[in-house]
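The structure under discussion appears below in the form of structure tokens.
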Amino acid sequence: MSPLACTLLLLLAGAAFVAGQYNEGVQFEQNTCTTYGALRLVWGRGNYEGQVQICINGTWGWVCHNSYRAEDAQVVCRQLGFSATGATYRTYGYYGWPNSSIPIWLDGMDCVGTETTLLSCPLSRAIGSVRCSYNAIAGVVCPSGGPSCTNNDIRIVDKTTWTPFNNRGRVEICSSNSWQTICDNGWGSSDAKVACYQLGFSKNYAYAYANARYGQGYGSILWRYVACSSSESTLFQCSKLNGGYGCTHADDASIQCSGRVTGSCTNGAVRLWRYKDIGPAHDGVALYCKSNQWVPFCDDTNTFCDTGRVICQKLGYVGLLNTRQEYHYGYYDGTVDHYAFSCSSTATDLTQCTYYYHSNCYHRGDQFGTVCYSPIIGNECTDGSVRLVNGPDNSEGRVNYCYEGFWYPVCGLNSYTATLMCKAMGFNASSASTVGDSRYGSTGIISSLYAVNCNSSHTNLSQCPFGRKTASLTSCRINVAKCSTEWGLRCHNTVGCTNGQTRLVNGPIDQAGTLEICLDNVWGSACGTFPVQSAYVACKELGYTGPNPTIKGNSFYGESSGPMLYNNIICHGWEDNVAECSYQTFPQLSCSPQYAIGLICKDDCNNGDVRLTGGFFDNEGTVEVCGNRQWSYVSDANFTANNARVICRQLGYPNGALATPLLGSHFGKGRRAVRYINANCTGTEKRFLNCPITVYSQTQAEAALAVNEVASVDCVYDVPTDPPCIARPSLYDSAGSECTSGAVRLQGGSSSGEGRVEYCYNGYWSPFCKMDPKAAMVACRQLGFTQYSWGSIVEGGEFGTSRNYSIFDNITCVGSESSLSQCTPAENTECTPFCRYNLGLRCFNPGSCTNGALRLADGVIDNEGRVEVCVNGVWGSVCDQGFDVTDAHVVCQQLGHPELEPFVLNNSTFGPGQYPIVYSNFACGGYENSLSDCTKQTYPNTACSQSNVAGVLCGYDCTDGDVRLVGSQYGYEGTVEVCFDRLWGLVADSGWTQTDAEVTCRQLGYTTQGTIVQRGSLYGKPAKTIHITSLGCSGTESSVADCTVSTISLAQGKALLATSDVAGVKCYTPDQCVPPPAGGGSSCTNGELRLTGGKQSGIPEGNVEYCYQGTWSPFCSLGPVEATIICKQLGYTASTLTAIFDDGRFGQISNTSYFQNISCPDRFATDLSTCVVADACITSCPNALGLRCYEPSSCSDGDVRLVNGSYKTDGRLEVCSDGNWGSVCSTGFDPTDAYVVCNELGLGDAEPTVYNTSAMYGDGDGAIIFSDFGCEGYETNVFDCSRSSYGYFTCSRDNVVGVKCKDSCNNADVRVVNGDSLATTEGIIEVCHQETWGMVSDEGWSTEEAQVACAQLGYTTRAAAASGSSYTRPNAPFQLSSVDCMGSETGLTNCSLTYIVDTAIADPNAPTYNPAAVKCVPDEVTNDPNDPLSVVSNNPVTVSMAVIIVIMLISVVITISVAVYVCVKRKKGDLSVKMMYADEPAPLTMSGLERAGVNNPLAGIYDEVTNAEKPENPLYGDKVALVNNM
């Protein structure tokens, strides 16, 4: 069909308008439709006006009034077959407030006005994605053109767009089948009464208006000089002149009318009134019956909301949506009651409301209307039922609650409700996980349901009331709206743990992970306050007693699989377990799963200690070194004999020459961090950490476990092997009495059928050093296992050792004997056998399996294992002697695996098992249906060691390169599995990127737009090997096989499975694919491109738009390759880098794209003509994409810089490439990469901090040019590191890397600076804290603090505190405040002080602090009279101190002199004593002391001393003399 034909079809469909009156709550006659994009109007007084509805996907729906203006109204009228002239838009549900049973389809239209259909207008939001509710519906009046009218009909048309009045307008009469106006010549109130009456209104309160008060008409002028008496029923009965002679449309006559309900009523009844009952029955002017007539409610009530609610409930509705003023409906012609109702929030009937006189209630303007809540009740589900949707399994997902017959999301969820919902769905745990985010998707469904409100008194979900949305917390108005967040839920079953029991989960090593604590038989996590003392107790309970465990918040190690159970755990540190601490438990908490607490526990070791673990002897084992207070591994990379010597020497083994390095995790590898790599010892060091060695950070060390084998040593490698014989023991020469000869027993086992086998020989219990299957069979038979006597010989000393020799050499049996005493023992003659490990024996009873059955046991993945076959009702293993691929093929065929060549795995790869080796030397032909059908040797003729048991790996029915998704009920999401070497395997999530996920979805047949990367084994981790550790898809490949792939061996993949999470993906499957409109536009030429809205002159930037079928369309998806090609097509041919923006920074344009994406297989194309446009569905996005094109500038490749940070040491990382600065994606960027950056910038060696999320330092405006850095740490330039370059990855602008480097300093160091320059003896003091230089606040800063700082700098003579304002501030943070020294400390950090942790306060530009400064004097400097630090000082404080010291010395001298003088005089008898008092005048002064502000210390002492009585002194009320006698 041609575009023109499509357009005509839409126009005809729109013209075929269905009158949409909606009376007494009855739904539209039909809400289904057939023509996509067709329009209709409802609730108007004719086909020319009403609320707009549009047909989308077979259903009529509303149009939102956001951005709805005259241009949009013109397009609506044109599509409906009317003229666009005079089209008037209506807003706020002008023609009625609908319920929520009909969808709202359109929002954010931006019509130019010339479009022929509404869907051809630009839309800022996708169809069905709306922001408005049902009070914001668009309407229209189409006053000109259109279908013919019925002669003699009358109508009123109001062109004003302000507050609605449905009872006023320009009068128009249908004549000659077209609408015509009336001239206002002679137009008066009598004419208005008749016109109102003809329209169906009352003749009362009818008003006439002239001069086209409500807008000018568009047809002919029918009459002039209309002259009615007011008694007529129609205007046709009035006298008038035909034609509009002398009149223009500026003279059009208008009216305003009032309505009325006739007839009597029952007092106390209520109802809602609308003109002719057009529109929804739940919306109208509120009337009540008083004195048997309908009277409007007075609007001068102060309780509009509750009064309206009571009215609605009296009418049978649930409640109130809103109240409206009377003018929304047109005035009601009725006596306004002088009394008003005022209802309280508890009132349920008008009889319970206050009814009081109100003098202002007297005219038509004192009425009000109500909009009642009138939902449509569905039959989709049973009210009160609950389900979970969009989750990975039936235990979690978005909550759907059945309300009013439909499934709706909930906007909130408390712990009680969550638990009862889970119990209603069949889960038995007494706790549940509430998920307050949108991880399970959002529907955007509009409803009045808010939440279900259960509390502790409810035992069943059916008992819980639901809560409706309200306009505010205190409003009684029901609000029909979306949930800001549609809550999710995880349900659980009990698992059998002990209350208070703890464990760590999801961690990469044993000592780290998310903390889980058991409550009511459910494992769950903790949140809230959790001090280090609590962390210590939790770690101690787990067996880790080292100090200072690290606390990780915000689900650092992933969310717990269980609920959030504990909150605010407060321990003191002395407790033995968390159960002894204080805490709150579920349901008395409200934490979301993403806030789970994680821990890194520490071991009770000292850094640098070494030990060996996993060896058979003390002198051998896996090397563990204590680092960061954790026992950690050493990588076996470059691990040499010299390294082994140093380790053995440190362990106390003196002969280091015998030390032997053992590689490949020789003694096993547990789950500990691999912290040390590339050790390079000379062999002479005393401690291992004295050697040159690379030490990983905690994060690196944890990650290294998955990809490194670990080192082991044997410190005494020359220990001799066990001798075949030992000296003849003395007990050989005499009979013993320990037992009865010939008896047999099993010792040391956990059950009666297993243990160390011992035979009584010559009266002594003797272990076996040798045993064959026949002897084992007889031993089992003798022990009572007569139905099945095939015994399993256990090597390796599993059941302990009784003697390290056997009294007999061997016992030989035929196999039919009933006891070993019937067999032939071989006595020891010249040789007494030495056996370090005594043999064990397991005997069995039949019935554990069905004969001929086959299984693979103890495999790591699900199609491999030790071959076990059921013989005589007991499982048995198979010897690998002679077992080949043909035999393995029969095994796999019998187990139902595809007919593919299997792998044979010998030498007990999957362990020896516990059962006897029942078959050996197979010779299958490959055609057999069962392994039992093959030629073979059978027990006891199967002399085979437990080290030689056969294993098999069967292949899958897949083709290399195939991909599939598993672990979800939905086919479009799941864990990614890739077929490689005929085996399904997994992808490690460490290198899993957006482009990898998109290629996977494309290979599976999905569109790539909307692809969501999932990590952390979200959909589970199947028992498969990991094939791929890193994919390098650019995003354009058609299959994963086309990407760069890093694979690992089968053994490595199985080992990595234990410690690595695997990749998943959710491919986009649109719920409602809306195809782009058929037909084309003419505003541009197909394939053209343009940039609009750029902010910077001369910079090629802006929102990018593509001409699609003649219409400009934005992009919602754009890859870096395609973005660069766009720049080249726009003329920037040298552009190799492009920045893509999704934040709307170039202004808002339509965010609805007519295509999903454009992909370019040829990355070197210069335009989009060869690219593929995916246009099956219209797509939308929060913001249309913009871009900025770059051409080379002036920086050097490999240069790095940090921008937008607070200090020189931090900021957004930018790297120069192709002459342009660009950002780095956070994917794969770790502290090792940051270390290289910081070294390149000349900053410190301490581990830097990496900010990988939320664009810590802004996203900048440059391209994101690198990702997946893989620095080793030794590089001098980031270009020396491996990395993914621009065009081969995708990255959100929220994920650009920020780095915070450290300074080259040691903690507690000090220095003085002046600005950014180092000073020598004076300046602002800086202290190194956490390897960063920072300032000290001058709060309390004095000479003592300055003395300590200067002494620390080496200046011990003198120091003075100075003001930092005298020097230029460095660009460094404040780190210390309130420093309080005694003056004798050896460093500032030894003083009392406060560390500043608030970054806002620490900012050097913050007004909170001033910097402290010092002036230090070198020790060799002499006194200088101009030096403020000299002994002679002009400083007032210093002068005062000196004067006081002088005065004290003088006082002592004078006092002694006076005492001597008095004593001498008294002896001569010529001196009496006079008492002296402190208040008496002092004739003796010292010149100058008063001026210095010092009191005379001799005041009150006379030259003459007498015995006169002392006067009373207020200072000495007790009259005690200062001196009684001398």
Side-chain angles (χ1 to χ4, degrees), residues 742-760 765-803 806 810-813 815-821 823 835-851 853-858 865-881 907-920 937-951:
V744 67
R745 70 179 182 179
L746 299 178
Q747 295 289 98
S750 58
S751 66
S752 60
E754 66 176 15
R756 182 179 63 253
V757 57
E758 295 180 353
Y759 178 68
C760 188
W765 283 117
S766 174
F768 281 74
C769 290
K770 302 175 184 178
M771 177 178 270
D772 62 21
K774 293 179 181 178
M777 182 167 61
V778 174
C780 286
R781 190 177 294 126
Q782 183 176 349
L783 287 165
F785 295 89
T786 56
Q787 292 182 298
Y788 180 94
S789 57
W790 294 4
S792 174
I793 302 168
V794 182
E795 303 165 1
E798 180 178 335
F799 302 113
T801 299
S802 61
R803 290 187 171 102
S806 176
N810 193 13
I811 296 180
T812 304
C813 303
S816 59
E817 297 89 344
S818 59
S819 72
L820 289 174
S821 62
C823 301
C835 51
R836 183 181 302 276
Y837 304 115
N838 298 167
L839 293 180
L841 181 65
R842 285 192 178 95
C843 304
F844 304 90
N845 287 312
S848 61
C849 57
T850 302
N851 286 349
L854 189 69
R855 69 181 182 185
L856 299 180
D858 293 341
R866 180 178 57 256
V867 178
E868 291 188 348
V869 61
C870 185
V871 180
N872 298 330
V874 176
W875 289 109
S877 54
V878 172
C879 184
D880 62 13
Q881 294 173 4
N907 301 323
S908 300
T909 299
F910 303 105
Q914 62 175 332
Y915 297 103
I917 301 173
V918 295
Y919 291 141
S920 68
Q937 288 183 340
T938 305
Y939 190 100
N941 299 311
T942 54
C944 186
S945 168
Q946 282 189 312
S947 301
N948 296 106
V949 174

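For the single chain, residues carry numbers from 1 onward in sequence order. Computation of the quantities below employed the complete heavy-atom set of this structure, encompassing side-chain atoms and omitting hydrogens, waters and symmetry-equivalent molecules.
With rounding to the nearest 0.5 Å, the separation of CE in M771 from CG in N810 is 9.0 Å. The distance from the CD atom of Q914 to the CD atom of E798 is 9.0 Å, given to the nearest 0.5 Å. Here CD of Q782 is found 7.0 Å from OH of Y759. Values are rounded to the nearest 0.5 Å. Here the SG-CD distance, from C843 to E754, works out to 10.0 Å after rounding to the nearest 0.5 Å. Rounding to the nearest 0.5 Å places SG of C879 at 9.5 Å from CD of Q937. Rounded to the nearest 0.5 Å, atoms CG (L783) and OG (S819) are 10.5 Å apart.
Here the shortest heavy-atom pairing between P767 and S806 reads O-OG, 3.0 Å. For the residue pair P916 and W875, the shortest heavy atom distance occurs at CD-O, 3.9 Å. When all heavy atoms are compared, the tightest approach of C823 to V778 is SG-CG1, 4.1 Å. Nearest heavy-atom pair across G913 and R866 is CA-CZ, 3.5 Å. The two residues V874 and P846 make their nearest non-hydrogen contact at CG2-CA, 3.6 Å. When all heavy atoms of V878 and I917 are compared, the pair lying nearest together is C-CG2, 4.1 Å.
Of the residues listed (V949, V869, V867), the one engaging S877 in a side-chain contact (heavy atoms from CB on, under 4.5 Å) is V949, and it is the only one.
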Q: Quick one: do Q946 and S792 satisfy side chain to side chain contact (heavy atoms under 4.5 Å, CB included)? Show the steps, please.
A: CA-CA 9 Å; Q946 282 189 312; S792 174; 4.3 Å; yes
(Q) The test is side chain to side chain contact (heavy atoms under 4.5 Å, CB included); show your working for R842 and F799 and say whether it passes. (A) CA-CA 11 Å; R842 285 192 178 95; F799 302 113; 3.9 Å; yes
Q. Can you list the steps and then say if R756 with L839 is a side chain to side chain contact (heavy atoms under 4.5 Å, CB included)?
A. CA-CA 6 Å; R756 182 179 63 253; L839 293 180; over 6 Å; no
Q. Step by step, would you call Y919 with V871 a side chain to side chain contact (heavy atoms under 4.5 Å, CB included)?
A. CA-CA 10 Å; Y919 291 141; V871 180; 3.2 Å; yes
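Side-chain polar atoms of R781 and S789 form a donor-acceptor pair below 3.5 angstrom. With hydrogens and angles left out, the side-chain atoms of E758 and S802 include a donor and acceptor closer than 3.5 Å.
Counting heavy-atom neighbours within 6.0 Å of Q787 CD, excluding the residue itself, gives a total of 12 or less.
Looking at N851, its side chain does come within 3.5 Å of a backbone N or O of G873 through a donor-acceptor pair. Under the 3.5 Å distance criterion, the side-chain polar atoms of D880 are matched with a main-chain donor or acceptor of N907.
The shortest side-chain heavy-atom distance between L746 and S752 does not fall under the 4.5 Å cut-off. Counting only heavy atoms from C-beta outward, the side chains of F785 and N845 approach each other to under 4.5 Å.
Between W790 and Y939, the two ring planes are parallel [angle under 30°; tilted spans 30° to 60°].
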